[in-house]
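Following: one structure in structure tokens, then a few remarks.
Order of listing sets the numbers, starting from 1, for every ligand and every atom in it.
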Amino acid sequence: MDHIVIRGGNRLSGEIPISGAKNAALPLMVASLLTDAPLVLTNIPNLADIAQLADILRHLGVEIALEGEASGPGRHMRLRARDLTGAEAPYDMVRKMRASFFVLGPLVARAHKARVSLPGGCAIGTRPVDLHIKGLEALGARIELDAGYVVAEAPGGLKGGHFRFPMVSVGASESVLMAAALADGETVLENVALEPEVQDLARLVVAMGGRIEGIGTRTLHIQGVSRLNGATFEVLPDRIEAGTYAMAVATTGGDVELVGARYRDLEALGDVLERCDVTFRATNRGIHVYRNGARHRGVDVATDPYPGFPTDLQAQLMAFLATADGVSHISETIFENRFMHVPELARMGAQIEVHGQVATVTGVERLKGAPVMATDLRASVGLVVAGLAAEGETIVNRVYHLDRGFERLEEKLSRCGADIQRARA
Ligand code: UD1
């Protein structure tokens, strides 16, 4: 099995191109189920999760072709769901990736029935799907659980309805807003997630002829239409990838421009880095990150839904704060089991104590390289960030987690001076 070998201690300098966002591309691909016309997505990242969702969509009857370049903004995906041949997303396919569950809403909206396996995905807590289900029930879907499957039916089609999400959920907001676009009449959704990926999905639905008001606010008014058209739409830059590289530069010290990154999507990270004496500024091409040799300060941070600090950057932040001057506290408010990287960072000499949802990080002068085990996508890249700054060799095992969400990771980092390679066991 592949692993990644890092010899830490090199400062990073140069530029890193930021890829299209995985978490934006996945729901945009799912939106292809809403129409029989072609949907073309540009700036599609080349990632295992994208290929996995493409397989599930093909299984449902979507024709999918990749066009253009092998990576970067010129990589296009053309999707066409002319007829939905199967309205079932089976366990074997869905278990590998939670986002594949998001097909439930569009399927029941267009095919009036769906059978979707309960999801798997990263092992970061129980991650229920009750909000997806309650939201679709508010649009008139009848939903039952049957042997690990969610079975949804709306014989006469979905009807507009009113639903207030009791907590902010990215996936449930996406699933229900897509379904409402094809429902009969008006839907009002309250407490909708504000993540840029959710906003962009709503913009795609509008580009397809959907009628949505309130994009960028917590309340959406969606006037259902009987048919949506095709569209061409660009996947936004990956704020989590950009934030991860920002944290790598902040941890090793260095000077890097994140080309293509959008500053406005990462203001919460910018605030944290500036509080730690790291420069994080918008440029006309992206974001400039700079830290001189001096040791950075510790800080207290809580993860929160957007525009708060993203949970998907929490592991990378912890790797950064492990060598800060002073004590930091990190509160994880989104997922109840998202500290699995802590024992691995401890193997590298980090001093971290966890009480409930709060990790107390006492900064040490330097981490030491060690063999470590990736447990989920973001945790594993947190270990890479730690390894880049650690003394000696770090070996990150279970690299398949990284391949789900980071395109050309070793290449992008080594071009900036990191000593990082992929090797076969
Ligand atoms: C998405 C992101 C993921 C990110 C997360 C939070 C994608 C493909 N994935 O995941 O990278 O970490 O947002 O920013 O975009 N919840 C329920 N019931 C539900 C749904 C969610 O209780 O039906 C809870 C979850 O357990 C969690 C919280 O709501 O505690 C937020 O989860 P949610 O925003 O739904 O995350 P995902 O959409 O799965």
Side-chain angles (χ1 to χ4, degrees), residues 20-31 45 47-50 52-53 56 94 96-105 116 118-138 143 145 150 152 163-179 189 191-202 218 235-236 238-241 243-244 265-266 268-269 302-317 331-341 357 376-382 401-402 404-406:
K22 168 180 89 76
N23 284 356
L26 295 172
L28 296 176
M29 287 167 66
V30 169
L47 298 168
D49 271 11
I50 300 288
Q52 175 70 26
L53 180 63
I56 294 172
V94 177
K96 295 186 192 140
M97 187 185 36
R98 182 177 163 84
S100 47
F101 188 77
F102 304 176
V103 300
L104 182 69
V116 179
L118 285 164
C122 283
I124 50 173
T126 44
R127 299 185 84 173
V129 289
D130 55 317
L131 303 179
H132 296 246
I133 291 174
K134 285 181 187 137
L136 294 173
E137 281 174 344
I143 299 188
L145 292 184
V150 175
F163 187 67
R164 182 182 170 81
F165 293 94
M167 65 193 286
V168 175
S169 163
V170 171
S173 298
E174 292 172 341
S175 180
V176 181
L177 91 79
M178 283 190 272
L189 300 179
N191 202 25
V192 171
L194 286 180
E195 271 67 1
E197 296 78 15
V198 180
Q199 294 188 34
D200 253 33
L201 174 66
R218 294 237 177 252
V235 177
L236 57 79
D238 195 323
R239 64 194 168 100
I240 303 303
E241 186 197 27
T244 298
D265 295 343
L266 281 162
L269 171 66
T303 61
D304 257 322
Y306 188 87
F309 189 92
T311 173
D312 285 351
L313 289 175
Q314 182 256 105
Q316 301 89 313
L317 175 75
S331 310
E332 172 55 60
T333 72
I334 310 289
F335 293 113
E336 78 271 24
N337 189 18
R338 208 174 202 184
F339 283 140
M340 283 172 314
H341 40 285
Q357 297 298 93
D376 72 50
L377 168 57
R378 310 305 180 183
S380 52
V381 86
H401 286 296
L402 288 172
R404 289 185 41 209
F406 288 86

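Side-chain contact between Val170 and Asn23 is absent, with no heavy atoms from C-beta onward closer than 4.5 Å. You'll find the side chain of Pro305 stays beyond 4.5 Å of the side chain of Leu194, heavy atoms only. Residues Leu377 and Phe406 meet the side-chain proximity criterion, which asks for heavy atoms closer than 4.5 Å.
Heavy atoms from both the backbone and the side chain of Pro128 come within less than 4.0 Å of ligand 1. The proximity of Met167 to ligand 1, defined as any non-hydrogen pair under 4.0 Å, is limited to the side chain. Heavy atoms of Met97 found under 4.0 angstrom from ligand 1: none, in either backbone or side chain. Proximity of Tyr306 to ligand 1, defined as any heavy-atom pair under 4.0 Å, is not found for any part of the residue. At a heavy-atom distance under 4.0 Å, no atom of Glu197 approaches ligand 1. With a 4.0 Å heavy-atom cut-off, ligand 1 is reached by the backbone of Ile334 and by its side chain too.
Rounded to the nearest 0.5 Å, atoms CD1 (Ile56) and CZ (Phe101) are 12.0 Å apart. In this structure, CD1 in Ile143 is found 11.5 Å from NZ in Lys134, a value given to the nearest 0.5 Å.
Among Thr311, Val198, Asn23, Leu201, the residue whose heavy atom lies closest to atom 2 (C) of ligand 1 is Asn23.
Of all atoms in ligand 1, listed by their number and element, those nearer than 4.0 Å to a heavy atom of Arg338 are 12 (O). Residue His132 approaches ligand 1 through these ligand atoms, each under 4.0 Å from one of its heavy atoms: 23 (O).
Where the criterion is an N or O separation shorter than 3.5 Å, residue side chain and backbone included, Val170 meets it with respect to ligand 1. Looking at ligand 1, you'll find an N or O of Arg98 within less than 3.5 Å of one of its N or O atoms. Note: no N/O pair closer than 3.5 Å links Ala99 and ligand 1 by distance alone. An N or O contact shorter than 3.5 Å links Gly171 to ligand 1 by distance. For ligand 1, one of its N or O atoms has an N or O atom of Ser169 under 3.5 Å away. The shortest N/O to N/O separation between Asp312 and ligand 1 falls below 3.5 Å.
Look at Arg239 and Glu197 and you find a salt bridge, because one of the NZ, NE, NH1 or NH2 atoms lies within 4.0 Å of a carboxylate O, short of that distance. Taking the charged nitrogens against the carboxylate oxygens, Asp49 and Arg98 have no contact shorter than 4.0 Å, which rules out a salt bridge.
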